[in-house]
Amino acid sequence: MPLFGAHLSTLRGLHNAITAATALQCGTLQIFTKNASHWSAKPLTQDDINQFRRATSASKLKHLTVHDSYLINLASADDTIYTKSVNAFVDEMERAEALGISYLVTHPGSHTGSGEEAGLARVIQGYEEVHARCAGFNVRVLIETTAGQGTALGHRFEHLAAILQRAACADRMDVCFDTCHVFAAGYALAEVSDYATTFQQFDDLIGLSRLKLFHVNDSAKPFGSRVDRHASIGLGEIGEEAFRRLVTDPRFLDRPMILETPKKDDDGNEMDAINLGRLRSFATERAG
Ligand SMILES: [Zn+2]
Ligand SMILES: [Zn+2]
């Protein structure tokens, strides 16, 4: 069975996310190490780090993942935003490394009008600068597939392929596949043949061996809408068959699969437990 997990809150302390993940019987977990809509944060204290590392090693969680701040835009043509983004991304790397995190997931950013090629050149330069300043780190950057809202890069597999082909630091990077984003970007998943074609395209351009992590989200917005709104598993436009297929796909049985779905439904039900239960039942009903 894949390692199922969820993006969990660290509001009451980083290590509390480990406790919450364990209570949900997760195999993996994603967190922010700081407020994702702020540029800067207090540095982690040695106590924060020790507590988190102790909680991690006492748990069964594997491939701990951090998502970076939403403000970071390494594709920006604006020098001030670009420099701020490089510094903020180095901070994300340092925090993740101190905490013993496996993966740092990031969106490749938005070109904001400079064009795709200029944006790609800029983000490649950004990743190179960041990695040069983080020599020897173990944490691995995963570039996430995006829905392609506005001028966001990453909604075509070609964008990620270009980064991984051209960046001097590409051997330190891989990819996070977000099912909601990919579907909203116009890669079909619902029908068996569409699912096969989408992963074939990914394999041809990027290689499935570079797909290290899934964000498993259904999509509240229609196919090809290029709007990023996550829905609970089976309750969105993708539908549950695609998730049944994904969690039993023999190519992905060792991959972490992380939910970023709504925390509560309209009736106030705690949805992480319900969505994790759905994924587990899909994984076991076919295997058993
Ligand atoms: Zn995601
Ligand atoms: Zn999203």
Side-chain angles (χ1 to χ4, degrees), residues 30-41 43-44 65-99 101-178 181-182 185 205-207 210-213 215 226 228:
Q30 178 175 282
I31 55 172
F32 296 123
T33 67
K34 53 188 278 293
N35 186 321
S37 45
H38 291 182
W39 278 107
S40 56
L44 297 172
T65 297
V66 164
H67 198 299
D68 72 338
S69 158
Y70 295 131
L71 299 175
I72 291 174
N73 185 10
L74 295 173
S76 177
D78 178 309
D79 286 332
T80 308
I81 292 174
Y82 173 81
T83 303
K84 244 177 144 166
S85 296
V86 169
N87 290 335
F89 201 75
V90 167
D91 186 48
E92 295 276 3
M93 291 282 283
E94 287 170 345
R95 296 165 84 87
E97 185 74 6
L99 295 170
I101 298 292
S102 302
Y103 298 131
L104 175 58
V105 173
T106 182
H107 297 194
S110 297
H111 65 73
T112 63
S114 63
E116 280 185 7
E117 187 39 51
L120 286 170
R122 191 73 150 174
V123 73
I124 289 167
Q125 180 194 348
Y127 290 138
E128 289 175 346
E129 281 191 48
V130 165
H131 281 93
R133 284 170 58 183
C134 299
F137 280 29
N138 289 310
V139 59
R140 233 177 145 70
V141 170
L142 302 186
I143 322 166
E144 183 170 356
T145 59
T146 70
Q149 293 201 142
T151 62
L153 301 168
H155 61 96
R156 301 295 311 163
F157 296 156
E158 285 84 351
H159 297 165
L160 305 186
I163 294 168
L164 293 172
Q165 277 156 18
R166 287 156 52 186
C169 54
D171 60 331
R172 294 173 60 186
M173 306 176 73
D174 285 303
V175 173
C176 165
F177 186 107
D178 185 310
H181 298 174
V182 163
L205 286 163
I206 298 168
R210 298 200 88 148
L211 197 175
K212 299 296 188 200
L213 178 96
H215 284 166
R226 290 182 63 175
D228 178 11

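Hydrogens, waters and symmetry mates are skipped; everything else that's a heavy atom, side chains included, is used.
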Closest non-hydrogen atom pair, [X] against [Y]:
X: V90; Y: C134; answer: CG1-SG, 4.2 Å
X: P108; Y: A75; answer: O-CB, 3.8 Å
X: A36; Y: S69; answer: O-OG, 3.0 Å
X: I81; Y: W39; answer: O-CH2, 4.4 Å
X: R172; Y: H131; answer: NH1-O, 3.2 Å
X: L205; Y: F157; answer: CD1-CB, 3.7 Å

Is the backbone N or O of [Y] less than 3.5 Å from a side-chain atom of [X], with the two atoms forming a donor-acceptor pair by type?
X: R226; Y: G148; result: yes
X: E128; Y: C169; result: no
X: T146; Y: L153; result: yes

Item to check | Working for side-chain contact (heavy atoms from CB on, under 4.5 Å), residues S76 and K84 | outcome: CA-CA 10 Å; S76 177; K84 244 177 144 166; over 6 Å; no

Item to check | D174: which of L160, I143, I206, L142 passes side chain to side chain contact (heavy atoms under 4.5 Å, CB included) | outcome: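 The passing option is L142.
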
Spatial distance of atom [atom1] ([X]) from atom [atom2] ([Y]) [nearest 0.5 Å]:
X: L104; Y: E94; atom1: CG; atom2: CD; answer: 11.5 Å
X: T106; Y: M93; atom1: OG1; atom2: CE; answer: 10.5 Å
X: M173; Y: K212; atom1: CE; atom2: NZ; answer: 13.5 Å
X: I101; Y: E92; atom1: CD1; atom2: CD; answer: 11.0 Å
X: D178; Y: E144; atom1: CG; atom2: CD; answer: 4.5 Å
X: E158; Y: I163; atom1: CD; atom2: CD1; answer: 12.0 Å

Item to check | Aromatic ring proximity H181/H215, centre distance under 6.0 Å | outcome: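 Aromatic pair excluded; centres sit 6.0 Å or further apart.
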
Checklist entry - Would you say the side-chain atoms of R133 and N87 include a donor-acceptor pair closer than 3.5 Å? => result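 Present: a donor and an acceptor within the cut-off.
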
Item to check | SB check R166 E117 (cutoff 4.0 Å) | outcome: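 So R166 pairs with E117 through a salt bridge.
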
Checklist entry - Would you call R122 and D78 a salt bridge, using N to O less than 4.0 angstrom? => result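 A salt bridge is absent here (no side-chain N lies under 4.0 Å from a carboxylate O).
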
